[in-house]
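Here is how names work: the chains are called A, B, and so on, in the same order as the sequence lines, proteins then strands, and each is numbered from 1.
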There are 2 protein chains.
Amino acid sequence: MTSDQPTPTLQDVATAAGVSTATVSRCLNFPDQVTKRTRAKVMQAVNALSYSPNFGARAMASRRTNTIGAIIPTMENAVFARGLQAFQDELHSYGFTMLVASTSYRADIEEEQIRALVGRGADALLLIGHERSPNTYRFLETQNVPTLITWAFDTSLTRPSIGFDNRKAMRDMALKVIELGHRNLAFISARTTLNDRAKARQSGIEDAMAISELRASDLHMVETVYGIEQGATAFEQVMKAASQTTAVFCGNDVLAVGALRRAREMGVRVPEDVSVIGFDDIELAEVAYPALTTVHVPHREMGWRAGKALAELVTNGTPIEAIELDANPVFRGTLAPAKG
Amino acid sequence: MTSDQPTPTLQDVATAAGVSTATVSRCLNFPDQVTKRTRAKVMQAVNALSYSPNFGARAMASRRTNTIGAIIPTMENAVFARGLQAFQDELHSYGFTMLVASTSYRADIEEEQIRALVGRGADALLLIGHERSPNTYRFLETQNVPTLITWAFDTSLTRPSIGFDNRKAMRDMALKVIELGHRNLAFISARTTLNDRAKARQSGIEDAMAISELRASDLHMVETVYGIEQGATAFEQVMKAASQTTAVFCGNDVLAVGALRRAREMGVRVPEDVSVIGFDDIELAEVAYPALTTVHVPHREMGWRAGKALAELVTNGTPIEAIELDANPVFRGTLAPAKG
DNA sequence: AACTCAATTGCAAGCGCTTACATTTTGTGG
DNA sequence: CCACAAAATGTAAGCGCTTGCAATTGAGTT
């Protein structure tokens with residue numbers, strides 16, 4: 001499989017074209033610093049050899065990688081996909097390459113991935129959410145890799161973010177739900193350890209309850225890991241442990257879709273008996289039946305703005321400006337006034 | 001933002017620990033070639049400096065990157081996500097890192113991404129489907145980067161694949177559909193240019209028609225780009241242009257879900273009036289209403305087997321063994337006997 | 001034809017790391 | 001306590017590329 005002809009190097013091209021390596025390098029990187037004639041010769045050699053520059057060497061010599069890393073919790077569901085695609089497209093238009101890594105929502109893996117991407121020379125990093133170990137932040141500091149946080153927005157922290165206020169968004173949604181007469185609320189949450197978004201969403205519901213003179217402590221919480229099946233199980237738990245519940249909030253659409261499914265299986269009618277509310281507004285939400293009431297997240301805008309900010313930071317040193325975007329409730333079929 | 005203390009190098013660690021760079025290198029790569037005492041000293045220096053090795057330099061010096069690239073058409077939908085996650089997990093267990101890039105189903109971008117990943121030193125590549133320009137294959141050849149094809153299976157080609165036979169899978173599905181009395185069939189296909197999967201799926205339906213003594217040329221084809229909305233539009237076109245259609249095959253679940261939605265909007269009942277069939281069996285399929293009849297693809301197994309094969313090829317030189325997996329019809333709510 | 005001066009090109013020094021090979025240290029048995 | 005092999009460490013030569021600086025080239029002038 002592995003033949004022995006070594007892959008061609010700059011040197012090979014130079015020899016083939018009868019010029020120095022410097023000229024080839026310039027021809028590739030700054031074409032107009034080179035005569036038309038030389039350029040032709042060099043390009044011909046490049047093609048003849050199918051030469052492709054060695055990225056590591058280039059990065060090392062030039063101390064620039066034109067690479068920006070993105071570390072997301074998961075690739076499994078489309079949650080981050082749309083935003084990431086927009087991020088990548090924007091970066092691409094600036095001539096940057098995106099490197100993605102996923103962490104399965106685990107802090108240790110995240111740290112490992114951060115190191116991996118930094119070691120690979122990422123000029124900057126895109127991270128999801130603010131909360132992580134001080135150690136990780138210290139590392140980023142000493143390596144002095146600029147980072148941008150997304151999927152959250154919090155100016156009280158030093159690190160810039162381009163995202164939305166999870167707490168406020170969920171509060172707004174919860175207020176609407178309470179307005180519809182719901183008093184017995186439950187919340188199926190994703191794991192909250194080192195996940196500020198999950199915590200913020202919970203706080204949002206509690207805020208709304210407090211405002212509406214309900215006792216925040218009455219919120220029936222179930223914490224579970226990510227997944228449709230887990231959402232289903234959690235829903236069943238909720239209905240068993242707190243059968244008077246009329247509105248089930250879910251930390252994200254995936255859990256909500258699971259809840260929906262189990263409701264159907266259990267003969268619980270949505271939204272007649274119980275309302276179900278998601279968060280994220282991914283494709284799943286629209287396709288589910290009944291279509292899911294959820295909090296719409298501006299995936300694409302978040303993605304491209306983040307891409308733009310990072311690209312400009314790296315190329316021109318333009319400091320990142322924190323941007324708060326809106327995340328608004330979208331009302332679809334799974335929400336109805338409380339019965340009775 | 002960018003402070004001026006340069007990031008620490010191997011040399012810095014060596015100095016701090018009072019040893020040579022060679023020792024630090026060995027300590028990091030082959031810990032047991034080094035005294036416990038030295039190791040302690042070095043590790044302490046490493047931590048104190050938050051040192052992280054420069055990947056490019058390492059790759060260049062050792063001619064190994066421990067990186068395997070995967071190039072997929074899109075990250076937007078979960079189509080490739082699950083398989084990719086499994087691929088990544090498997091690679092990770094072998095100590096490899098995965099690099100992903102997406103092409104938006106465009107051949108030119110694919111070629112660009114292949115070059116990018118190869119330039120980054122990917123030890124091997126995972127590609128989707130067999131069909132691509134000879135030029136691309138030539139490049140892979142001269143760079144001598146081993147590649148594995150997935151999401152397809154075809155032993156008639158030289159390049160090894162671990163996947164399933166799209167044509168056969170779709171044929172089996174179509175036979176069942178025809179068996180249920182459907183005679184007027186339509187196919188909403190993804191773009192077929194440089195997409196052997198799409199073509200194979202079409203051929204599969206045609207095979208089934210031929211077997212069942214229908215005229216393959218009667219299959220009403222609509223070709224469109226990827227997306228729920230596009231699926232919806234295509235469905236409408238089909239119903240207008242060939243209103244007697246009773247079964248609409250879709251090239252993938254995303255299109256099918258779009259078709260489903262438009263059917264509802266148009267007042268066409270699924271499956272009473274028209275049956276809808278997808279392909280891929282991604283989460284969307286299960287969540288859709290009615291749940292989608294589709295061809296189940298063994299995402300996870302394909303992913304981990306590919307990961308294993310590539311990892312073993314790179315580490316031990318074990319040649320890749322082509323593996324054909326099964327992709328079977330899954331019958332859910334959107335398929336019913338033809339009416340009348 | 002001699003002379004500027006700017007545009008091209010070549011030279012060579014690294015970038016941060018690994019790894020043969022050489023050297024030193026350590027541990028062992030006599 | 002010494003000789004000697006084995007283990008640990010150090011030395012230094014690159015890996016393939018970029019880039020500051022010097023040398024060369026070739027117009028354009030006088």
[N] OP1/OP2 closer than 4.0 Å to side-chain N/O of [X]:
{"X": "B/Thr35", "N": "D/dT9", "value": "yes"}
{"X": "A/Ser62", "N": "D/dC17", "value": "no"}
{"X": "A/Asn29", "N": "D/dT18", "value": "yes"}
{"X": "A/Thr9", "N": "D/dG16", "value": "no"}
{"X": "A/Thr23", "N": "C/dT9", "value": "no"}

Candidate nucleotides [options], ranked by approach to the side chain of [X] - the nearest:
{"X": "A/Val34", "options": "C/dC15, C/dT9, C/dG10", "value": "C/dT9"}
{"X": "A/Ala61", "options": "D/dT18, C/dC17, C/dT19", "value": "D/dT18"}
{"X": "B/Asn54", "options": "D/dT9, D/dG16, C/dC17", "value": "C/dC17"}
{"X": "B/Ala57", "options": "D/dC17, C/dG16, D/dG10", "value": "C/dG16"}
{"X": "B/Thr21", "options": "C/dC15, D/dA12, C/dC11", "value": "D/dA12"}

Take atom [atom1] of [X] and atom [atom2] of [N], then tell me their distance rounded to the nearest Å.
{"X": "A/Asn66", "N": "D/dT18", "atom1": "CG", "atom2": "P", "result": "12 Å"}
{"X": "A/Gln11", "N": "D/dC15", "atom1": "CD", "atom2": "C1'", "result": "13 Å"}
{"X": "A/Arg58", "N": "D/dC15", "atom1": "CZ", "atom2": "C1'", "result": "16 Å"}
{"X": "B/Lys36", "N": "C/dT26", "atom1": "NZ", "atom2": "P", "result": "17 Å"}
{"X": "B/Asp12", "N": "C/dG16", "atom1": "CG", "atom2": "P", "result": "9 Å"}
{"X": "B/Gln33", "N": "D/dG10", "atom1": "CD", "atom2": "P", "result": "14 Å"}
{"X": "A/Leu10", "N": "C/dC11", "atom1": "CG", "atom2": "C1'", "result": "15 Å"}
{"X": "B/Met60", "N": "C/dG14", "atom1": "CE", "atom2": "P", "result": "15 Å"}

Can you check whether [Y]'s main-chain N or O pairs, donor with acceptor, with [X]'s side chain at less than 3.5 Å?
{"X": "B/Thr65", "Y": "B/Gly121", "answer": "yes"}
{"X": "A/Thr35", "Y": "A/Arg37", "answer": "no"}
{"X": "A/Gln113", "Y": "A/Val100", "answer": "no"}

### Message
Is the shortest side-chain heavy-atom distance between B/Arg305 and B/Thr150 below 4.5 Å?
### Response
no
### Task
Answer yes or no: side-chain N or O of B/Arg26 and base N or O of D/dG10 forming a donor-acceptor pair under 3.5 Å.
yes
### SB check B/Glu141 B/Arg159 (cutoff 4.0 Å)
yes
### Task
Check every strand shown and say whether B/Tyr51 touches a base, only sugar-phosphate, or nothing at a heavy-atom separation below 4.0 Å.
sugar-phosphate
